[in-house]
Amino acid sequence: MVLVDCHKCHVLVPVGDQQQKVEARVVHKRDDVHIYFPVQNLKDIRIKTKAIFYDDYQGILSATCELVIRRNLSATREKEPWLADCKILEMKRAEQNLRSAVRIKTDIDMEFASSHHGNFRASIKDLSVGGMQLSTSQLLHRNERLAFNWTLTGVPSRIDAIVIRGWAQPDGKYAYGCRFVNLSDKTEAAIGSYLFKRQQEIRKEIQ
C-alpha cells in the first residue's frame with residue numbers, strides 16, 4: 001500500500017529529551033515520501049517509528065516508518081526547520097479507528113435490491129466503513145441480503161450488505177443496522193475517503 005493523496009500526518013519523534021507525537025506536513029510521489037516538521041528541537045537521526053497518515057482518498061492509515069531526519073534547507077525552512085526522508089515499512093488502514101470513530105450522519109436516498117423483497121427505496125441515515133443504518137417503510141428480515149449501486153470517487157460501485165438488526169421508528173418506518181460484506185479494497189477505500197472528507201467538512205462547519 002502507498003499514499004495516494006496525503007498532506008498531513010502525526011508521527012512519533014524525539015523532541016528534545018522526550019518522544020512526542022508531532023503533526024507534520026507530507027509531500028509524496030508514490031514511494032518517495034518527505035515529512036516536514038514545524039518544530040525546532042529535533043536532531044539529525046535515523047529512527048524507526050510509528051505514524052498516522054491522513055489520506056484524502058484512502059482515509060486514516062497506520063504505518064511503521066524509517067525516518068532520516070535532517071535540516072530543511074528548502075524555502076520552507078523558517079516555518080519547517082526539519083524534514084525527514086520517510087521509508088514506509090508497513091502500512092494499513094486504521095480499521096478499528098474508522099469503524100468506531102468515523103461514523104457520519106447522512107441522509108442519502110438510494111434504491112436497494114433485496115434478496116426477499118425486490119427493489120425498494122431507503123435512506124442511509126448513518127455510515128461507517130463497516131456498515132450503515134437504513135430508514136425505510138419496507139419490512140426486512142434479519143440476515144437478509146441487500147445490494148445497491150453508489151458512485152464514489154466518480155466510479156459506480158455495487159455494494160452488498162446484510163441486515164443485522166431492525167426496530168420500529170416513531171414515524172412508522174423501520175430502521176435497520178446493516179453490515180457491508182465482500183467489499184473490494186477499492187470500494188472500501190472509496191467509502192473511507194468519503195467518510196474522511198465529510199468528517200473534515202463537518203469539523204469546519206462547527207468551528
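Treat the numbers as computed from the prediction; the structure is a model and nothing was measured.
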Between Thr64 and Lys50, is a side-chain contact (heavy atoms from CB on, under 4.5 Å) present by the stated rule, with each step listed? CA-CA 5 Å; Thr64 301; Lys50 300 290 186 181; 2.9 Å; yes
side-chain contact (heavy atoms from CB on, under 4.5 Å) assessment of Cys65 paired with Val11: CA-CA 9 Å; Cys65 307; Val11 58; over 6 Å; no
Evaluate Cys9 against Phe53 for side-chain contact (heavy atoms from CB on, under 4.5 Å), listing each step before the verdict. CA-CA 4 Å; Cys9 72; Phe53 292 97; 3.6 Å; yes
Run the side-chain contact (heavy atoms from CB on, under 4.5 Å) check on Phe37 and Val15 step by step: do they pass? CA-CA 11 Å; Phe37 296 98; Val15 179; over 6 Å; no
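With rounding to the nearest 0.5 Å, the separation of CD1 in Ile124 from CD1 in Ile159 is 7.5 Å. Here Leu67 contributes atom CG and Ile88 contributes atom CD1; the two are 9.5 Å apart, rounded to the nearest 0.5 Å. A distance of 4.0 Å separates CD1 in Ile47 from CD1 in Ile69, rounded to the nearest 0.5 Å. Of the inter-residue distances, the one linking Ile164 atom CD1 with Cys178 atom SG reads 7.5 Å to the nearest 0.5 angstrom. Summarising the geometry, atom NE2 belonging to His28 is positioned 5.5 Å from atom SG belonging to Cys6; distances are rounded to the nearest 0.5 Å. The distance from atom CD1 of Ile104 to atom CG of Leu127, rounded to the nearest 0.5 Å, is 8.5 Å.
Of all non-hydrogen atoms in Tyr176 and Gln138, the two that sit nearest each other are OH-O, 3.2 Å. Closest approach of Trp82 and Val39 over heavy atoms only: CD1-O, 3.2 Å. The shortest heavy-atom contact between Ser128 and Leu195 is C-CD1, 3.6 Å. Minimum interatomic distance between Leu42 and Pro14 (heavy atoms only, all atoms of both residues): CD2-O, 3.4 Å. Of all heavy-atom pairs between Met91 and Val2, the closest is CE-C, 3.7 Å. Taking every heavy atom of both residues into account, Gly131 and Phe180 meet most closely at N-CD1, 3.4 Å.
By the rule that hydrophobic residues join a cluster once side-chain heavy atoms approach within less than 4.5 Å of another member, Leu134 and Tyr194 end up as members of one cluster. If you chain together hydrophobic residues whose side chains sit under 4.5 Å apart, Val68 and Tyr36 never meet in one group. Val22 and Val27 sit in two unconnected hydrophobic clusters of ILVMFWY residues. Membership requires side-chain heavy atoms under 4.5 Å apart, directly or through other members. Under the 4.5 Å side-chain contact rule for hydrophobic residues, Val163 and Met110 share a cluster. Transitive grouping of hydrophobic side chains (ILVMFWY, heavy atoms separated by less than 4.5 Å) keeps Leu146 and Ile162 in distinct clusters.
Residues His141 and His117 are in side-chain contact: their nearest non-hydrogen atoms beyond the backbone lie under 4.5 Å apart.
Partner of Arg25 under the side chain to side chain contact (heavy atoms under 4.5 Å, CB included) criterion, chosen from Lys8, Lys79, Glu80, His7: Glu80.
No more than 12 heavy atoms of other residues, nucleotides or ligands shown are found within 6.0 angstrom of OH on Tyr174.
Contacts of Arg70 classified as side-chain hydrogen bond (donor to acceptor under 3.5 Å, both in side chains), with partners at least two apart in sequence or in another chain: Asp85. Residues that satisfy the salt bridge (Lys or Arg N to Asp or Glu O under 4.0 Å) test with Glu78, not counting sequence neighbours, are absent from this structure.
Although no hydrogens or angles enter the test, the distance criterion places a donor-acceptor pair under 3.5 Å between the side chain of Ser115 and the main chain of Arg145. Side chain of His34 to backbone of Leu83: no donor-acceptor contact under 3.5 angstrom is found. Formation of a donor-acceptor pair under 3.5 Å by the Thr49 side chain with backbone atoms of Leu12 is found in this model. Side chain of Arg158 to backbone of Asn149: no donor-acceptor contact under 3.5 angstrom is found.
Relative orientation of the Phe112 and Phe148 rings is tilted, given thresholds of 30° and 60° on the angle between their planes.
Taking 4.0 Å as the cut-off between side-chain N and carboxylate O, Arg121 and Glu111 count as a salt-bridged pair.
Judged by distance alone, the side chains of Lys125 and Thr106 never bring a donor and an acceptor atom under 3.5 Å apart.
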